[in-house]
Amino acid sequence: MSAKSDIIKVTPSEFVGVGNMKETITSNGHLCRYCHGNGFFWCEQQRERVKKDCPVCKGSGKLDAVITIEWKPSKQ
Ligand SMILES: [Zn+2]
């Protein structure tokens, strides 16, 4: 099974300043563990096998991570 890993280097970006203490990082294309990357499940409906989209990844088989970092002044 393939695996994807990203490393996040935590450092305040140049856009972090007064009134903008949050930043968002996205990490795309992670394998959906719920359906093991298939994107669907087989299920039976009226004695017929039908494909049902994975409720977690909505059929794509992959997930994107949206990571929000909130910066706060250090307590001394
Ligand atoms: Zn899935």
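Each ligand, and each atom within it, is numbered from 1 in the order the structure gives.
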Nearest-0.5 Å distance that lies between atom SG in Cys54 and atom NE2 in His36: 9.5 Å
Enclosure of Phe41 CZ (heavy-atom neighbours >12, cutoff 6.0 Å): yes
Non-hydrogen side-chain atoms of Asp6 and His30 separated by less than 4.5 Å: yes
Hydrophobic cluster identity match, Ile67 and Met21, side-chain contacts under 4.5 Å: yes
Closest non-hydrogen atom pair between Leu31 and Gly37, with its separation: CD1-CA, 3.8 Å
All N/O donor-acceptor pairs, side-chain side in residues 68-76, below 3.5 Å, sequence neighbours left out:
from: Trp71; atom 1: NE1; to: Glu23; atom 2: OE2; distance (Å): 2.7

Listed protein N/O/S atoms, distance to the Zn ion (ligand 1) under 2.8 Å: Cys32 SG, Cys35 SG, Cys54 SG, Cys57 SG
